[in-house]
2 protein chains.
Amino acid sequence: MLNFSEIKLVHIDDHLLFAQGINSLIGNETFINELVHAQTLAEGLRIVEELQPELILLDYFLPDSNGIESLRLLNKTSPSSKVILLTMESNPDVMEKCRREGAIGFLQKSISKKALLEALNNALQDIPTFPITVQSSAETPNSPLNILSKREKQIADLVTEGFTSAEIAEKLFLSDLTVNTHRRNLIHKLGLKNTAQLVAFIEKLKFSEKGSGV
Amino acid sequence: MLNFSEIKLVHIDDHLLFAQGINSLIGNETFINELVHAQTLAEGLRIVEELQPELILLDYFLPDSNGIESLRLLNKTSPSSKVILLTMESNPDVMEKCRREGAIGFLQKSISKKALLEALNNALQDIPTFPITVQSSAETPNSPLNILSKREKQIADLVTEGFTSAEIAEKLFLSDLTVNTHRRNLIHKLGLKNTAQLVAFIEKLKFSEKGSGV
DNA sequence: CTCACAATACCTAAAAATTGGTATTTTTCC
DNA sequence: GGAAAAATACCAATTTTTAGGTATTGTGAG
């Protein structure tokens with residue numbers, strides 16, 4: 001295990017019992033200088049803004065947000081912090097979305113102490129930690145989506161969910177002009193014609209690539 | 001079997017051998033007054049326009065068109081003619097589309113003489129003849145699409161394929177204003193927001209209802 | 001250190017979709 | 001026959017998307 005010092009870690013989770021567990025598990029690790037807990041995303045954002053921690057452990061389900069939205073806001077508040085998601089049960093699609101939102105890890109809460117520490121160390125070295133139980137549907141080696149950049153995939157997803165460019169821009173803290181550029185590029189890259197074809201393309205992929213690795 | 005007289009039938013099929021087979025099978029039936037054969041859709045349209053036949057037997061794959069486009073053009077040329085599709089192999093989705101395009105029957109070419117005559121008689125009495133091997137995906141008893149009218153379903157399909165309102169209007173011989181009205185109504189009926197959500201909705205239905213009856 | 005690519009953002013103009021109406025005709029059903 | 005639903009079509013205004021550019025900044029690979 002590598003040697004880091006002065007590492008600040010913020011744990012955002014509304015389950016107090018689990019938070020205490022985390023605290024007793026890794027609170028005494030020498031490489032962790034500060035371990036702060038928040039019960040809501042709002043509280044977490046305040047703390048993260050002040051501390052600018054190296055690491056964030058984030059519960060996927062929070063009373064005032066979900067993992068995807070939380071990732072966006074945390075990234076906005078502290079772009080340099082590495083965020084590792086914690087969930088009770090893992091869905092490959094959810095995991096994939098988190099990866100696209102910039103999470104550096106995705107762990108189930110049933111994980112061992114050893115594995116958790118490994119994930120934290122990995123994160124500090126910029127090494128992602130994602131379970132490989134199920135090949136993520138959209139990251140299949142030969143998926144047509146691989147010609148798209150991360151941002152483009154992310155925007156393709158949001159378009160498919162029915163958001164307009166202005167709404168997507170707001171979510172991702174971008175100019176709607178930027179979102180338009182990405183939309184144009186991704187439609188062009190995929191050889192498509194318009195939004196309808198893009199959505200149909202994405203939806204078909206979801207289903208055609210589903211079940212292959214499960 | 002009922003008694004019809006003066007029935008004109010046009011058979012449009014590029015396979016001459018099969019056309020001869022049809023001719024020898026039903027050419028001598030007393031209820032058929034005239035049986036004309038065409039090898040292409042273009043030729044078929046000319047003949048149909050002139051004859052205004054009661055019945056049309058239509059091959060799904062033609063050198064100059066496919067079943068869906070052919071149905072549209074035939075319906076435009078002679079709205080009162082009943083069209084029965086003939087295909088080598090039947091795909092339930094294709095069948096469903098033909099039904100929506102106004103076909104009154106859908107038969108495999110491997111059908112028996114008896115069944116063919118039955119389908120013809122049915123058609124003359126306005127009774128549809130469709131194989132029930134697989135429950136059609138979009139006509140499932142409790143499909144959310146059942147709140148849509150035929151036209152709306154048809155337009156929803158075309159939107160999902162990426163056609164603009166203007167293109168759909170041209171295909172269906174409608175005003176684009178009409179197509180816009182249908183689009184508005186169907187999005188509203190389904191409680192959706194925009195084209196992207198409509199396409200996602202339709203695509204998801206295709207997959208969620210698939211396999212249930214196969 | 002470049003070179004390529006990704007991500008960002010802007011301008012302009014045209015095309016398309018959406019919204020909110022209304023209205024007529026045709027079909028379908030009781 | 002009469003009511004309801006479907007299909008058709010129009011007007012007008014706004015929003016959104018699409019298409020043609022350009023340009024700057026950051027980042028990762030070689």
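In what follows, chains are A, B, ... by sequence order, proteins preceding strands, each numbered from 1. From a predicted model like this one, the values you see are computed outputs, not experimental measurements.
B:Val179 is not listed as a side-chain neighbour of B:Leu172, based on a closest heavy-atom distance of 4.5 Å or more.
Between A:His188 atom NE2 and D:dT18 atom C1' there is a gap of 13 Å when expressed in whole angstrom units. Residue B:Asn194 contributes atom CG, which lies 18 Å from atom P of C:dA16 at whole-angstrom precision. D:dT18 atom C1' lies 9 Å from atom CZ of A:Arg183, rounded to whole Å. The CD atom of A:Glu167 sits 14 Å away from the C1' atom of D:dT17 (whole-angstrom rounding). Atom CG in A:Leu186 sits roughly 14 Å away from atom C1' in D:dA19 (whole-Å rounding). In this structure, CD1 of B:Ile187 is placed 13 Å from P of C:dG20, rounded to the nearest angstrom. Atom P of nucleotide C:dC5 and atom NZ of A:Lys150 are separated by 18 Å, given to the nearest angstrom. In this structure, B:Ile147 places its CD1 atom 14 Å from P of D:dA5, rounding to the nearest Å.
Contact annotation: A:Ser165 side-chain N/O to D:dT16 OP1/OP2 distance is not under 4.0 Å. The phosphate of D:dC10 (OP1 or OP2) has no side-chain N or O of B:Thr181 nearer than 4.0 angstrom. Here B:Thr195 does not reach the OP1 or OP2 of C:dA16: none of its side-chain N or O atoms lies under 4.0 Å away. Residue B:Ser175 has a polar side-chain atom (N or O) positioned under 4.0 Å from OP1 or OP2 of D:dC10. Phosphate contact (OP1/OP2 of D:dA9, side-chain N/O of B:Thr178, threshold under 4.0 Å): present.
A salt bridge links B:Glu167 to A:Lys193: at least one charged side-chain nitrogen sits closer than 4.0 Å to a carboxylate oxygen. Here A:Lys8 does not pair with A:Glu50 in a salt bridge; the nearest charged N to carboxylate O distance is not below 4.0 Å.
Of the candidate nucleotides D:dT17, D:dA9, C:dA17, D:dA9 has the atom nearest to the side chain of B:Leu174. When distances run from any side-chain atom of B:Thr164 to the nucleotides D:dT8, C:dT8, C:dA16, the shortest one goes to C:dA16. Nearest to the side chain of B:Lys189, among D:dT18, D:dT8, D:dA6, sits D:dA6. Across C:dT19, D:dG21, C:dT8, the shortest atom-to-atom separation from the side chain of A:Arg184 is found for D:dG21.
Looking at heavy-atom distances under 4.0 Å, A:Asn180 makes contact with a base.
Counting only distance, with no hydrogens or angles, the side chain of A:Asn75 and the backbone of A:Leu71 share no donor-acceptor pair below 3.5 Å.
Looking at which nucleotide of DNA chain C each of A:Phe173 and B:Lys193 is closest to, the 5′-most match is held by A:Phe173. Looking at which nucleotide of DNA chain D each of A:Phe163 and B:Asp176 is closest to, the 5′-most match is held by B:Asp176.
With 3.5 Å as the limit, one finds no donor-acceptor pair spanning the side chains of A:Glu49 and A:Thr77.
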